[in-house]
Enquirer: 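Before I ask anything, let me first share the structure, which is written out below as structure tokens.
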Amino acid sequence: MSPEDSEETLPLLRTPDASVPRGRRVFLAAFAAALGPLSFGFALGYSSPAIPSLRRTAPPALRLGDSAASWFGAIVTLGAAAGGVLGGWLVDHAGRKLSLLLCTVPFVTGFAVITAARDVGMLLGGRLLTGLACGVASLVAPVYISEIAYPAIRGLLGSCVQLMVVTGILLAYVAGWVLEWRWLAVLGCVPPTLMLLLMCCMPETPRFLLTQHQHQEAMAALRFLWGSEEGWEEPPIGVEHQGFQLAMLRRPGVYKPLIIGISLMAFQQLSGVNAIMFYAETIFEEAKFKDSSLASVTVGIIQVLFTAVAALIMDRAGRRLLLTLSGVVMVFSMSAFGTYFKLTQSGPNNSSHVGLLVPISAEPVDVHVGLAWLAVGSMCLFIAGFAVGWGPIPWLLMSEIFPLHVKGVATGVCVLTNWFMAFLVTKEFSSIMEILGPYGAFWLTAAFCILSVLFTLTFVPETKGRTLEQITAHFEGL
């Protein structure tokens with residue numbers, strides 16, 4: 001039996017070098033940075049409970065009509081796209097730590113503006129600011145965590161980025177049950193404020209300090225985080241101050257990971273996760289749940305649980321296996337979801353309304369509820385599958401595969417792609433449904449999920465257990 005074979009027989013929850021003593025401050029630093037994604041998730045989830053409250057109980061100057069409500073939810077993605085570009089510049093010029101500290105300003109300011117809002121314009125301005133912070137946090141936090149983690153736990157800590165995002169969304173949903181929109185915005189100021197306090201006590205990443213030729217500070221940061229320098233592989237820093245140049249795109253170590261990173265972000269959004277979230281409450285209503293808002297919380301709990309499972313097994317199962325498994329589950333669940341819509345449109349009246357079915361059986365209500373339960377099962381299976389792989393892993397790989405001297409620009413392009421695709425899919429999905437029908441739209445997303453599996457098996461490298469320097473060397477050697 002080869003050493004590789006014997007390693008694969010180890011339990012999934014053990015890390016490859018678990019016997020090596022390590023400092024625990026790296027976990028505290030990762031938690032501090034992950035409060036940024038928690039704030040990011042809360043900002044995303046805020047609109048779900050806030051919009052109904054603003055429609056019903058807000059003063060006339062703040063009451064949201066259909067158009068304003070649509071912008072209240074969507075403007076965050078536009079701010080985040082801009083934040084991705086800004087974050088790509090900040091992470092290279094200001095550093096990882098300072099970038100995280102700076103993104104707390106638009107988070108807190110944005111929620112404060114919402115809290116003090118006197119008209120719809122202030123509400124939208126506050127959402128735009130929180131979106132800008134979301135874009136910066138979604139880029140910088142994965143980079144910071146990947147650069148402070150040693151290889152054996154980089155998957156675990158990197159997956160916690162997505163875990164904190166879905167936890168933030170769930171927190172917004174649950175808090176929205178008991179808090180009206182102003183107090184919910186006040187609560188949104190808490191995670192970024194806590195991140196500001198904790199990150200002040202955390203070091204800059206050793207890799208960034210080396211690019212600034214601060215070798216002693218880098219080694220001090222490493223000893224603070226890891227407890228020792230054992231296992232550290234110092235990156236080459238001879239070209240780190242050249243900055244990004246278009247000529248670098250001819251190098252395989254740059255253009256290959258860039259293509260992979262952009263493709264992963266695009267496939268993540270083309271998987272249909274936003275469409276599933278859009279229909280969650282409708283599907284739960286069809287399944288005769290007394291409180292359809294329970295759908296949001298149920299989906300949030302499933303996301304948190306399965307993202308936690310992914311984090312625990314990431315460094316043993318590997319990125320490729322989980323991405324492939326996740327994609328296969330999404331193919332089957334999306335296909336079943338499309339089948340549900342096809343069946344609900346097959347009644348005698350041939351209605352195109354997704355919730356209308358006139359079955360021929362003697363017990364139409366039971367058949368209708370049974371079909372709705374097919375949709376509920378498909379939806380829950382999809383969310384679980386997405387959370388295990390295509391939710392956390394594109395962000396993790398984005399933080400692992402780029403060399404230092406292009407990391408800011410490359411990750412900025414990836415984040416911009418993700419948020420632009422999120423905006424595009426959310427905006428155009430209803431048009432696709434009108435053209436193809438609901439079942440055709442979801443079967444189309446199943447086809448994209450098939451393509452994502454094929455792309456993973458063909459192009460995505462395995463990064464578990466490798467140092468960041470070994471990963472970038474892999475692309476240079478292709």
Side-chain angles (χ1 to χ4, degrees), residues 33 35-37 39-40 43 75-110 128-148 161 192 195-196 199 202-214 218 235 237 239-249 251 253-255 257-262 264-265 394-423 468 472:
L35 288 171
S39 307
F40 158 27
I75 200 170
V76 170
T77 60
L78 297 180
V85 176
L86 176 62
W89 184 87
L90 282 174
V91 79
D92 274 345
H93 293 82
R96 286 58 161 154
K97 174 183 174 178
L98 183 56
S99 297
L100 285 172
L101 292 173
L102 290 175
C103 84
T104 63
V105 176
F107 265 131
V108 174
T109 305
L128 186 64
L129 282 173
T130 58
L132 183 73
C134 286
V136 176
S138 66
L139 184 149
V140 181
V143 171
Y144 181 87
I145 291 173
S146 72
E147 291 189 359
I148 65 171
V161 170
M195 180 175 75
L196 177 65
M199 281 304 301
M202 297 299 117
E204 178 58 88
T205 72
R207 283 177 174 82
F208 179 77
L209 290 171
L210 286 175
T211 67
Q212 306 302 303
H213 301 295
Q214 300 178 26
I237 59 173
V239 296
E240 300 307 332
H241 284 283
Q242 293 181 3
F244 176 79
Q245 300 172 356
L246 287 177
M248 293 179 177
L249 291 176
R251 294 169 47 185
V254 175
Y255 73 79
L258 184 60
I259 292 173
I260 290 174
I262 291 173
L264 288 173
M265 292 303 183
W395 298 103
L396 172 61
L397 286 173
M398 178 196 75
S399 68
E400 293 180 320
I401 59 179
F402 296 116
L404 273 171
H405 56 288
V406 300
K407 182 165 282 188
V409 173
T411 53
V413 171
C414 289
V415 171
L416 178 62
T417 300
N418 187 282
W419 286 106
F420 175 74
M421 290 299 297
F423 176 78
L468 297 179
T472 54

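Everything numeric here is computed off the predicted structure, so don't read it as measured data. Along the sequence shown, residues are numbered consecutively beginning with 1. Hydrogens, waters and symmetry mates play no part in the numbers below; they use all other heavy atoms, side chains included.
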Enquirer: Looking at every non-hydrogen atom in both residues, tell me the closest pair between Val91 and Phe208 and how far apart they are.
Expert: O-CE1, 3.9 Å
Enquirer: Can you tell me how far OG1 of Thr417 sits from CG of Leu258, rounded to the nearest 0.5 angstrom?
Expert: 8.0 Å
Enquirer: With a cut-off of 6.0 Å (strictly less than), are more than 12 heavy atoms of other residues, nucleotides or ligands near OH of Tyr255?
Expert: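 Yes, enclosed.
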Enquirer: Atom SG in Cys103, atom CE in Met199: separation rounded to 0.5 Å?
Expert: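 Rounded to the nearest 0.5 Å, the SG-CE separation comes to 9.5 Å.
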Enquirer: Can you find a heavy atom in the side chain of Ser138 that is under 4.5 Å from one in the side chain of Trp419?
Expert: yes
Enquirer: Has Glu204 got a side-chain atom pairing as donor or acceptor with Arg96's backbone, closer than 3.5 angstrom?
Expert: yes
Enquirer: Checking Thr205 now: which residues fulfil side chain to side chain donor-acceptor pair (under 3.5 Å) with it, not counting sequence neighbours?
Expert: Glu147
Enquirer: What do the steps show when you test Leu102 against Leu90 for side chain to side chain contact (heavy atoms under 4.5 Å, CB included), and what is the final call?
Expert: CA-CA 9 Å; Leu102 290 175; Leu90 282 174; 4.1 Å; yes
Enquirer: Supply the atom-to-atom distance Leu264 CG to Ile259 CD1, rounded to the nearest 0.5 angstrom.
Expert: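 Reported to 0.5 Å precision, the distance equals 12.0 Å.
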Enquirer: Got a donor-acceptor contact below 3.5 angstrom from the Ser146 side chain to the Ser399 backbone?
Expert: yes
Enquirer: Using every non-hydrogen atom in the two residues, find where Ile145 and Ala33 come nearest and quote the distance to one decimal.
Expert: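 What the structure gives for the nearest pair is CG1-CB, 4.0 Å.
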Enquirer: Mind checking the CE-CD spacing from Met398 to Glu400? Nearest 0.5 Å is all I need.
Expert: 10.5 Å
Enquirer: Measuring from Lys97:NZ to Ile148:CD1, what's the distance to the nearest 0.5 Å?
Expert: 12.0 Å
Enquirer: What closest approach, in Å, do Asp92 and Leu404 show between heavy atoms, and which atom pair accounts for it?
Expert: OD1-O, 4.3 Å
Enquirer: Which heavy atom of Cys134 sits nearest to which heavy atom of Ala43, and what is that distance?
Expert: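 Of all heavy-atom pairs spanning Cys134 and Ala43, the closest is SG-CB, 3.7 Å.
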Enquirer: Any non-hydrogen side-chain atom of Trp89 less than 4.5 Å from a side-chain atom of Val136?
Expert: no
Enquirer: Using the side chain to side chain contact (heavy atoms under 4.5 Å, CB included) rule, take Trp395 and Val415 through it: C-alpha gap first, then chi angles, then the decisive distance, then the call.
Expert: CA-CA 9 Å; Trp395 298 103; Val415 171; 3.9 Å; yes
Enquirer: In Å and rounded to the nearest 0.5 Å, what is the CG to CD1 distance from Leu132 to Ile75?
Expert: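 CD1 of Ile75 is found 11.5 Å from CG of Leu132.
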Enquirer: Checking Thr104 now: which residues fulfil side-chain contact (heavy atoms from CB on, under 4.5 Å) with it, not counting sequence neighbours?
Expert: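 Thr104: side-chain contact (heavy atoms from CB on, under 4.5 Å) contacts with Pro192, Met195, Leu196.
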Enquirer: Using the rule given for side chain to side chain contact (heavy atoms under 4.5 Å, CB included), can you reason through Ile260 versus Leu397, listing the C-alpha separation, both sets of side-chain angles and the distance that settles it, and then say yes or no?
Expert: CA-CA 9 Å; Ile260 290 174; Leu397 286 173; 5.7 Å; no
Enquirer: Among residues at least two apart in sequence or on other chains, which ones pass ring pair (Phe, Tyr, Trp, His ring centres under 6.0 Å) with Phe107?
Expert: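 Scan of Phe107 (ring pair (Phe, Tyr, Trp, His ring centres under 6.0 Å), adjacent residues dropped) gives none.
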Enquirer: Could you walk me through whether Phe402 and Val409 pass the side chain to side chain contact (heavy atoms under 4.5 Å, CB included) check?
Expert: CA-CA 10 Å; Phe402 296 116; Val409 173; over 6 Å; no
